Amino acid sequence: MAPAISSAPATDPAPALAWSVLPAKRTHTCGDLRAGGAGERAILQGWVHRRRDHGGLIFIDLRDRYGLTQLVFNPAISAEAHALASTLRSEYVISIEGTVNLRPAGTENPHLPTGEIEVAVQRAVLLNPSKTPPFYVNEDVPVEESLRLKYRYLDLRRQRLRDNIMLRHRAVKFMRDFLDARGFVEVETPILTRSTPEGARDFLVPSRLHPAEFYALPQAPQQFKQLLMVAGMDRYFQIARCFRDEDQRADRQPEFTQLDLEMAFVDEADVTGVIEDLHSELVKRLSHKRLLVQPFPRISYAEAMERYGTDRPDLRFGLELVDVTHLLGTSGFGVFRSAAERGGMIKGIKAPGCANWSRREIDQVTQLARSFGAKGLATAAWTEEGIRSPFRQHVGDEVMARLQQAFDARTGDLIALVADKPAVANEVLHRLRDHLGVQLGLADPNALAFCWVVDFPLLEWDEDRSSWTFTHNPFCAPKDTDLVLLDTDPGRALSKQYDLICNGYEVGGGSVRIHTRPLQEKIFRLMGHSDEQIAAQFGTILEAFEYGAPPHGGIATGVDRLIAILASEDTIREAIAFPKNQAAADLMMGAPSPVSEDQLAELHIRTVPPK
RNA sequence: GGUCCCGUGGUGCAGCGGCCUAGCAUACGUCCCUGUCAAGGAUGAGAUCGCCGGUUCGAAUCCGGUCGGGACCGCCA
């Protein structure tokens, strides 16, 4: 490497290699300088963002993470600097020294914070040249995902990811400061821990010192944080890395980050209160988006399912679902009647102003409903010319009028009905509702609608295992009033779980925990575990409960997801500095990778290639 | 485990049986240019259309397989 350094400062001994000497410390960043600094001398270092070569004058926008500053290379000021500037290209790293000048009247750039000034360069040094980048660093244009992931260090130079990572830093800093001010203690819990059979698939780490034994990476610090409560830590939090070896989605990575916290001597309102205050403050301080409702509404699970078909409703808009089983279940339309007779429901959603949808538009929405599991979609439109509906003649005008009333449908509105098992009808209408919210422009991208969903069922029946299983986690406490149901009708027992929802995304979830051994054992037995299994897998925490465990509860929220929502990103990859792809691979580092036979031998491992 | 979408000069897109000797924008090279800021002008180089096989007189285009990326279902307390 022999970069041109023809314009190295004359007072320097003209080093042969620019990288051997950093010519001088920078005096400012590229985001600092304003009109008030005119006349000062400045030393700046950064990357060539863009070069505009006028032959005589050369303009270079110099970039660092703080901003852009325009440099002017004028041969009348320094022929050497100007000669170097003509060799500079995008992403070259340079150091310059010059005078801060007000730009000539009429040439200010109102789009740049530093647009009132420029730096007339007297001396310039090339610190490092750059190959032509594989994609535009200086523009926010689409690039194939695999390239972005392979060259993540270049992608991170771009505005979009830089902004997201800065937002993430500020958000996490805010969380730490906020919780510290409220007496929370940040405690690190182990990354190498014990495999637990419940929940997701574990990532395993072989033990060299214990042949044929393995650590697991934590899916969450759940038991540790409860043990910290037993330890009397009282208020714990952690920005915790969690690991789950499951297939990826736009909002799932094999490793992700949770704000994890736990408090002693609390009930539901104490935990949700802290988290609600934290998120309200965080949004006000760090986001331009506006909070739609405060305090956050609390909706029961049953009500959320009824009104929105989901336990994570997007409350930025209405479009509530309406159950019309009682109206149509006995009607002359076979699809409706047979669904109702088989224990299903007939439920629908109103699409305001969509009565004039074409055959094609209705087909598209029907296709969408099918992709979510519906067998079909029954529509009715109230138009200027009257009711347009495939089932009108089967149910009669009397029922159509009551249907219109049930949906409060006006002329110009369309309703779409699904007749199916409740789980299917709700799922389909939930997805349809989210789709319509966006399509009809009702979901304001600049609004944040937080809410709490509470009163979840404690248990649900697992058909595969023929036993009860938890809906949240096995440590979640039942409602005090529902304790008796555990012996009589466990499926009806509600829990002290609470989920934090924002714009239709589950941002977090937590609960008041069980803190006594007998109740915890009872729950494990309900879930079909033998006493031997319970002792082997959960012996530690059960024993801890016998040494003065205080009542406690907590929550974990998804940091990656929250940042993605605040940054209006569709995937959490955009909120993570070095994410993995859909196959859980790190395209930049090339992980995972094969390892040597020696390494495997040391770990007492022999591999079996897949067929 | 499954379904769907994408893969064309460095990048982003167009072309979807013969008008393709593969088009456009931008980036890149060379030259001109003293007030630009997505600078401008001139000019040049750069692609066996992801890969393998098949159909056809003829394939970037159709079919099968495979690799890479993405979205979703299953899965994910």
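Just so we're on the same page: letters track the sequence lines, and every chain starts at 1. Computed from a predicted model, the values in this text were never measured in an experiment.
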### Query
Can you give one letter per nucleotide of nucleotides 1-12 of chain B, going 5' to 3': B for a protein heavy atom under 4.0 Å from the base, S for sugar-phosphate only, - for none?
B--------BBS
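Look at B/G18: its Watson-Crick or wobble partner, with both distances under 3.5 angstrom, is B/C57. Across all strands shown, B/G23 pairs with B/C13; the Watson-Crick or G-U wobble distances both stay below 3.5 Å. Across every strand in view, B/G7 sits in a pair with B/C67 that passes the Watson-Crick or G-U test at under 3.5 angstrom. Partner assigned to B/G44 is B/C28, using Watson-Crick or G-U wobble distances below 3.5 angstrom. Both distances falling under 3.5 Å, in either a Watson-Crick or a G-U wobble arrangement, occur for no nucleotide opposite B/C49.
Remark: the backbone N or O of A/G67 is paired with a side-chain donor or acceptor of A/D64 at under 3.5 angstrom. Side-chain atoms of A/R158 never come within 3.5 Å of backbone atoms of A/V137 as a donor-acceptor pair (strictly under, hydrogens ignored). Using modelled atom types, one side-chain atom of A/Q253 and one backbone atom of A/K580 make a donor-acceptor pair closer than 3.5 Å. When atom types are taken as modelled, the side chain of A/H82 and the backbone of A/G56 share a donor-acceptor pair closer than 3.5 angstrom. Remark: side-chain polar atoms of A/R513 are not paired, donor with acceptor, to backbone N or O of A/Q226 under 3.5 angstrom.
The residue A/N109 sits close to a base: some heavy atom pair falls under 4.0 Å. Within 4.0 Å of A/N74, counting heavy atoms only, lies at least one base atom of the nucleic acid.
The nearest whole Å value for the distance from the CG atom in A/D140 to the P atom in B/U26 is 19 Å. Here the P atom of nucleotide B/U36 and the CG atom of A/D53 are 15 Å apart, to the nearest Å. The CG atom of A/L88 sits 12 Å away from the P atom of B/G29 (whole-angstrom rounding). The CD atom of A/E246 sits 6 Å away from the P atom of B/C76 (whole-angstrom rounding). Atom CD in A/E118 sits about 16 Å away from atom P in B/U34, given to the nearest Å. Whole-Å rounding puts the A/R431 CZ to B/C72 C1' distance at 8 Å. Between A/I117 atom CD1 and B/G35 atom C1' there is a gap of 15 Å when expressed in whole angstrom units. In this structure, CZ of A/R50 is placed 15 Å from C1' of B/C28, rounded to the nearest angstrom.
Comment: A/R123 engages A/E97 in a salt bridge, judged by a side-chain N to carboxylate O separation of less than 4.0 angstrom. A salt bridge does not link A/R160 to A/E139: none of the charged nitrogens lies less than 4.0 Å from a carboxylate oxygen.
Other residues, nucleotides and ligands contribute over 12 non-hydrogen atoms within 6.0 Å of the CD atom of A/E108.
Stacking between A/H54 and the base of B/G35 is absent under the criterion of ring centres within 5.5 Å and planes under 30 degrees.
Distance check on atom C1': B/C19 versus B/U61 gives 14 Å, rounded to whole Å. Rounded to whole Å, the P atom of B/C6 lies 11 Å from the corresponding atom of B/C63. One C1' atom belongs to B/G10, the other to B/C5, and the distance between them is 25 Å to the nearest Å. Comparing B/C62 with B/U26, their C1' atoms sit 32 Å apart, to the nearest whole Å. A distance of about 16 Å separates the P atoms of B/G35 and B/G41, rounded to the whole Å.
With hydrogens and angles left out, the side chain of A/R52 and the base of B/C33 share no donor-acceptor pair within 3.5 Å. The base of B/C37 is paired with the side chain of A/R103 by a donor and an acceptor separated by under 3.5 Å.
Of the candidates B/G35, B/C76, B/C72, the closest approach to any side-chain atom of A/Q582 belongs to B/C72. Candidate nucleotides B/C76, B/C37, B/G70 were compared by shortest atom distance to the side chain of A/R244, and B/C76 ranks first. Distance from the side chain of A/S146 is smallest to B/G68 among B/C75, B/U34, B/G68. Nearest nucleotide to the side chain of A/Q70, out of B/G35, B/A71, B/A39: B/G35. Counting only heavy atoms from C-beta on, A/A76 has its side chain closest to B/U34 among B/G35, B/U34, B/A38. The side chain of A/R252 lies closest to B/C76, out of B/C76, B/U36, B/U30.
Dashed line: the shortest gap from a side-chain N or O of A/R51 to OP1 or OP2 of B/G40 is not under 4.0 Å.
Applying salt bridge (charged side-chain N to carboxylate O under 4.0 Å, His left out) to A/D251 and the options A/R573, A/R561, A/R312 leaves one that passes, A/R561.
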